[in-house]
Amino acid sequence: MGLSALWLVALAFAPSEEETADDAEAAAADQEEEGRTEVPDYTGQNLAVAIRSAVTAGFDTTSHDATDEDAGQRDDGDWLVCFQNPGAGATAPPGTTIDFAVVRGGSPCPEADGLAVLQEAVPSVVTLPYAEAAERLGEYGLTEIGARSAYRDVELPEEYGDWLVCFQRPRAGEVVRDLAATTADLSLVEPGTDCPAFDNDRLHPEPEPEPEPEPEPDPVPVPDPEPVPDPEPVPDPTTGGGDDDSGGSAYYQNCDAARAAGAAPLYRGDPGYRAGLDRDGDGVACDS
């Protein structure tokens, strides 16, 4: 075989430039792959826990608000991982930074990183038995649920799963942004009992107190009547006068008349004695 034939055979079995380039890239990829690590799935984890796990695996981390609010994360323990980049299952060399897109704990994740959270409103559980109402609110995301009697004068029993809901908080139609920090409160009544007009009313109204008797008015003091002076005796014209002390019929106009009649002095009780003639009131008239 001549040289020309050998040359033609060598050319037929020699790799093309394109094949040589592909082989070089594959070899470089194999060498690079040997130093790469598969990225774990951190979605759904608490941000603080995800950061510790990623750092332990040899990655660096950063985080941002997954919603359109762009809020900063002061406490990593209050946030939840919704998305990550690189994603779970990708391979990356040590030191690669994983970017966590997070939301506040208890809040739902948006449909995609950077979108607003579209959350459903609180469902109505009024008229439902407590057990069913608690289950429905739990499906919504409210896990802390309290119960009490809708009547303040009725005690809630130990078992109240069949008691009916009269009032609920949060109210139906509200949107709760932080479900983990929200406690649902349900006010209940016993089956067969009507709901009150307002929460915490009384089932049995208190009896109205009997009215206290009105106090009797203080008596009005009546002043004593002023004494009426005795009338002066009217002289008897037939005898010359009357006597206010003796009761006799003799009457002397003055002591001179008594002396002229020989009756002076006059003693109390004597005919003709009267106080008008007894100047010193000693019971003896016309004695001087």
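Side-chain atoms are counted along with the backbone in the values below, which use heavy atoms only and exclude waters and symmetry mates. Numbers here are sequence positions counted from 1.
- The ring-ring contact (aromatic ring centres under 6.0 Å, His included) test applied to Phe59 returns no partner, not counting sequence neighbours.
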Chi angles and distances behind the side chain to side chain contact (heavy atoms under 4.5 Å, CB included) call for Leu47, Val49: CA-CA 5 Å; Leu47 177 58; Val49 174; over 6 Å; no
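- For the atom pair OH (Tyr267) and CG (Asp282), the distance works out to 9.5 Å, reported to the nearest 0.5 Å.
- Across all their heavy atoms, Pro110 and Phe83 have their closest contact at O-CZ, 3.5 Å.
- Within 6.0 Å of CG on Asp70 lie no more than 12 heavy atoms contributed by other residues, nucleotides or ligands.
- Residues Arg274 and Tyr251 form a side-chain contact, since some pair of their non-hydrogen atoms from C-beta on lies under 4.5 Å apart.
- Using a 4.5 Å cut-off on side-chain heavy atoms (C-beta onward), Pro205 and Arg202 make no contact.
- Of all heavy-atom pairs spanning Tyr151 and Cys195, the tightest one is OH-C, 3.5 Å.
- Using a 4.5 Å cut-off on side-chain heavy atoms (C-beta onward), Leu80 and Val102 make no contact.
- Looking at heavy atoms from C-beta onward, Thr61 lies in side-chain contact with Phe100 at the 4.5 angstrom threshold.
- Considering every non-hydrogen atom in both Ala90 and Pro86, the closest pair reads CB-CB, 4.2 Å.
- Under the 3.5 Å distance criterion, the side-chain polar atoms of Asp68 are left unmatched by any main-chain donor or acceptor of Gly114.
- Annotation: side chain of Thr127 is not in contact with side chain of Val165 (no heavy-atom distance under 4.5 Å).
- Here the shortest heavy-atom pairing between Ala57 and Tyr42 reads CB-OH, 4.2 Å.
- Between Arg169 and Asp199 there is a salt bridge, since at least one side-chain N of the basic residue sits less than 4.0 Å from a carboxylate O of the acidic one.
- Residues satisfying the side-chain hydrogen bond (donor to acceptor under 3.5 Å, both in side chains) test with Glu69, not counting sequence neighbours, are Arg104, Arg177.
- The pair Arg171-Glu174 meets the salt-bridge criterion, since a charged nitrogen lies less than 4.0 angstrom from a carboxylate oxygen.
- Using a 4.5 Å heavy-atom threshold, the side chains of Thr143 and Leu179 count as separate.
- Ser63 and Gln73 form a side-chain donor-acceptor contact under 3.5 Å, judged by distance and modelled atom types alone.
- From Leu188, atom CG reaches atom CZ of Arg148 across 9.0 Å, with rounding to the nearest 0.5 Å.
- Interatomic distance, OG of Ser187 versus CZ of Arg152, reported as 13.0 Å (0.5 Å rounding).
- No donor-acceptor distance shorter than 3.5 angstrom exists from the side chain of Thr193 to the backbone of Val189, with no hydrogens or angles considered.
- To the nearest 0.5 Å, atom CG of residue Asp76 and atom CG of residue Asp78 are 9.0 Å apart.
- Judged by distance alone, the side chain of Asp201 and the main-chain N or O of Pro196 form no donor-acceptor pair under 3.5 Å.
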Run the side chain to side chain contact (heavy atoms under 4.5 Å, CB included) check on Gln84 and Asp41 step by step: do they pass? CA-CA 8 Å; Gln84 66 181 71; Asp41 186 2; 3.7 Å; yes
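- Remark: of the listed residues Asp60, Ile51, Val39, Val55, Val39 is the sole one forming a side chain to side chain contact (heavy atoms under 4.5 Å, CB included) with Ile98.
- Shortest non-hydrogen contact noted between Ala258 and Tyr252 is CA-CD2, 3.6 Å.
- A donor and an acceptor atom, one from each side chain of Thr62 and Asp99, are nowhere located under 3.5 Å apart.
- The distance from the CD1 atom of Ile145 to the CZ atom of Arg136 is 12.0 Å, given to the nearest 0.5 Å.
- Phe167 and Leu128 are members of different hydrophobic clusters when ILVMFWY side chains are connected at heavy-atom separations under 4.5 Å.
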Criterion side chain to side chain contact (heavy atoms under 4.5 Å, CB included) on Val176 and Val122, from CA distance to verdict: CA-CA 7 Å; Val176 178; Val122 176; 3.7 Å; yes
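- Residue Asn85 holds its CG atom at 10.5 Å from OG1 of Thr96, rounded to the nearest 0.5 Å.
- By the criterion of side-chain heavy atoms lying less than 4.5 angstrom apart, applied directly or through intervening Ile, Leu, Val, Met, Phe, Trp or Tyr residues, Tyr130 is grouped together with Leu137 in one hydrophobic cluster.
- Counted within 6.0 Å of CZ on Arg279, heavy atoms from surrounding residues, nucleotides or ligands total 12 or fewer; the atom is thus considered open.
- Counting non-hydrogen atoms of neighbouring residues, nucleotides and ligands closer than 6.0 angstrom, the CG atom of Asp194 reaches no more than 12 such neighbours.
- Put simply, the side chain of Pro170 does not reach to within 4.5 Å of the side chain of Tyr140, judged on heavy atoms.
- Side-chain atoms of Val125 and Leu186, non-hydrogen and from C-beta on, do get closer than 4.5 Å to each other.
- Minimum heavy-atom separation, Gly272 to Leu266: O-CD1, 3.5 Å.
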